[in-house]
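Order of the sequence lines sets the chain letters (A, B, ...), proteins ahead of strands, with each chain counted from 1. No hydrogens, no waters, no symmetry mates; every other heavy atom, side chains included, goes into these values.
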There are 2 protein chains.
Amino acid sequence: MVYSMPARTHGRPRDSRTHAAILSATVALIVDAGYGALTIVGVAARAGVGKDAIYRRWSGKPELVYEAVFTSADADPIPDTGTLIGDVTILVERLVDEFAAPAAAVALPGLLADFADQPALRMRIREDLLAGVKARLVEVFDRAAARGELVADVPVELILDSLAGTVLFHVGLVGAPVTPELPRHLAAMVVTGIKTR
Amino acid sequence: MVYSMPARTHGRPRDSRTHAAILSATVALIVDAGYGALTIVGVAARAGVGKDAIYRRWSGKPELVYEAVFTSADADPIPDTGTLIGDVTILVERLVDEFAAPAAAVALPGLLADFADQPALRMRIREDLLAGVKARLVEVFDRAAARGELVADVPVELILDSLAGTVLFHVGLVGAPVTPELPRHLAAMVVTGIKTR
DNA sequence: TGTAATCGAAACGGAACGTCTGGTATGGTA
DNA sequence: TACCATACCAGACGTTCCGTTTCGATTACA
């Protein structure tokens, strides 16, 4: 809902079915046509809606796509495996699932390109994308500290960028299939890198 | 030269000054207008050249931009600092300089988006981008092994993706200013992560 | 009951695409 | 030296999508 334009208070209310149809059509087109091939006209046609109804809600294609794709605010906590490496491994696996999801993987590069000249929006993407991850990462570190497995002064931001950056580099840039071992190896490298500082 | 279309053998040869003018105008426009705002017509006008001369050499905007921006094949070796961490730190600093260069930073997201549906080209970007880095990384590890500082079985690809991914995540997505400490911290984390496996 | 914002549909001018046709210039080949 | 294939610039072309605007009809809140 972040990028939607506000509705007026008087007059005929917006039809929620129209809203849903637009978002649904956007996701569908993203997945089987790609970000570049997606057009506002195409979304309108697929949703059985006038262009007007779209421009009334979103200021453009990037804003529409962002809301359509990155709305799932899943905050499932990381289960306690008993070890820091185990917890981080699961966290990385979640990260892979998230970035490798069809809609997200296809949309992200295009969004970054379209928001290239808007640092504020890029920053917002990063926040929205990593807010949940960061919260869970902090919790995982707290558990490790409680176990005495970890000294204080954990560089959370660096670790966040390392984990997310590495995974994103695979999925977004290389597009290579993520091997099942990657999360474990990556987690092991980062965790041992932190613990023996 | 990778994405250029081949020249014919007979007839008038292509003018190398035209070629240079096109590439130069492309870089200039990328830097002060952005990837999205760059158009073939604009490049032609700025270069004092006909559209025809551009389409004769490149099949489209992405190919042109790629060649214009990622042609510098600098392979300066990493100086031997005497420690693995020192060497990797310098390597990361080079990486930051490369990705934070105005033209590269502005062009990369757009290129990835335009090549989204062409895995082969995306892979090629990764190779071209990291080929030099990989070679230098391997050399740095060899030196460390000769010093007895490192055991065998170094996961080079994982390290490459971690270093490049983290840096790219800062510059490309976050767009945050890279602090001078980042290369040292990142190098320290990764290196200790490897050494104590 | 009236008012204001919604709805789908369609037309609008603008911008950029990639192709193509002129007319001219240039250099290797015969 | 004459030829000819190609490169050069300029501009016109049809297409696509953009984002805005108009239209008449619809819908709820005041």
Side-chain angles (χ1 to χ4, degrees), chain A residues 3-26 29-30 33-67 110-111 113-118, chain B residues 1 3-26 29-30 33-67 107 110-111 113-118:
Chain A
Y3 294 97
S4 298
M5 303 178 70
R8 303 290 183 182
T9 53
H10 295 309
R12 175 179 175 178
R14 291 183 186 162
D15 192 330
S16 63
R17 289 170 308 170
T18 300
H19 200 89
I22 295 172
L23 290 178
S24 170
T26 302
L29 280 177
I30 276 282
Y35 182 87
L38 179 137
T39 68
I40 299 291
V41 180
V43 172
R46 180 136 179 176
V49 153
K51 288 200 299 179
D52 197 29
I54 297 179
Y55 282 112
R56 193 177 297 116
R57 293 173 168 81
W58 297 275
S59 58
K61 166 175 162 178
E63 291 80 6
L64 167 61
V65 170
Y66 183 82
E67 179 162 345
L111 284 178
D114 283 351
F115 287 148
D117 57 342
Q118 304 183 44
Chain B
M1 298 294 186
Y3 293 97
S4 300
M5 303 178 72
R8 301 292 183 183
T9 54
H10 295 308
R12 175 178 174 177
R14 290 181 186 164
D15 193 330
S16 63
R17 289 171 308 173
T18 299
H19 200 89
I22 295 171
L23 291 178
S24 170
T26 302
L29 280 176
I30 277 282
Y35 182 87
L38 178 136
T39 68
I40 298 291
V41 180
V43 172
R46 179 133 179 180
V49 151
K51 287 199 300 179
D52 197 28
I54 297 179
Y55 281 112
R56 193 177 297 117
R57 293 174 167 81
W58 297 276
S59 58
K61 168 174 160 178
E63 292 80 7
L64 167 62
V65 170
Y66 182 82
E67 180 163 343
L111 283 179
D114 282 351
F115 288 148
D117 57 343
Q118 304 182 45

Nearest-Å distance for atom pair OH/C1', residues B:Y55 and C:dA16: 8 Å
Looking at the side chain of A:P13, which of C:dC17, D:dC8, D:dA28 is the nearest nucleotide? D:dA28
Whole-Å distance between C:dA10 P and A:I40 CD1? 19 Å
Between A:R57 (CZ) and C:dA5 (C1'), how many Å, whole number? 12 Å
Under 4.0 Å from OP1 or OP2 of C:dG28: is there any side-chain N or O of B:R14 that close? no
Separation between CD1 (A:I30) and CG (A:L64), nearest 0.5 Å, reads 8.5 Å
In this structure, CZ of B:R17 is separated from CD1 of B:I22 (nearest 0.5 Å) by 12.5 Å
Interatomic distance, B:Y35 OH vs C:dA16 P [rounded to whole Å]: 15 Å
Closest to the B:A53 side chain, choosing from C:dC17, D:dG19, D:dC9: D:dC9
Whole-Å distance, B:R56 CZ to C:dT21 P, equals 15 Å
May I ask you to list the residues of residues 45-52 of chain B, by number, that have any heavy atom positioned under 4.0 Å from an atom of DNA chain D? B:G48, B:V49, B:G50, B:K51, B:D52
Listed nucleotide nearest any side-chain atom of B:R12, set D:dC9, D:dG19, D:dA7: D:dA7
Give the rounded distance in Å between these two atoms: CD1 of B:I54 and C1' of C:dA16. 13 Å
Quick one: CG on B:L111 to CD on B:E63, what's the gap to the nearest 0.5 Å? 9.0 Å
Just how far is it from atom OG1 of B:T26 to atom NZ of B:K61, taken to the nearest 0.5 Å? 10.5 Å
Roughly how many Å is it from CG in A:L29 to C1' in D:dC17, rounded to a whole number? 15 Å
Under 3.5 Å, sequence neighbours excluded: what are the donor-acceptor pairs made by side chains of residues 33-43 of chain A?
{"residue": "A:Y35", "atom": "OH", "partner": "A:D114", "partner atom": "OD2", "Å": "2.4"}
{"residue": "A:T39", "atom": "OG1", "partner": "A:G42", "partner atom": "N", "Å": "2.9"}

Rounding to an integer number of Å, can you tell me how far B:K61 NZ sits from C:dA15 P? 16 Å
Rounded to the nearest 0.5 Å, what separates atom CG in A:L23 from atom OG1 in A:T18? 11.0 Å
Quick one: CD on A:E67 to CZ on A:R57, what's the gap to the nearest 0.5 Å? 10.5 Å
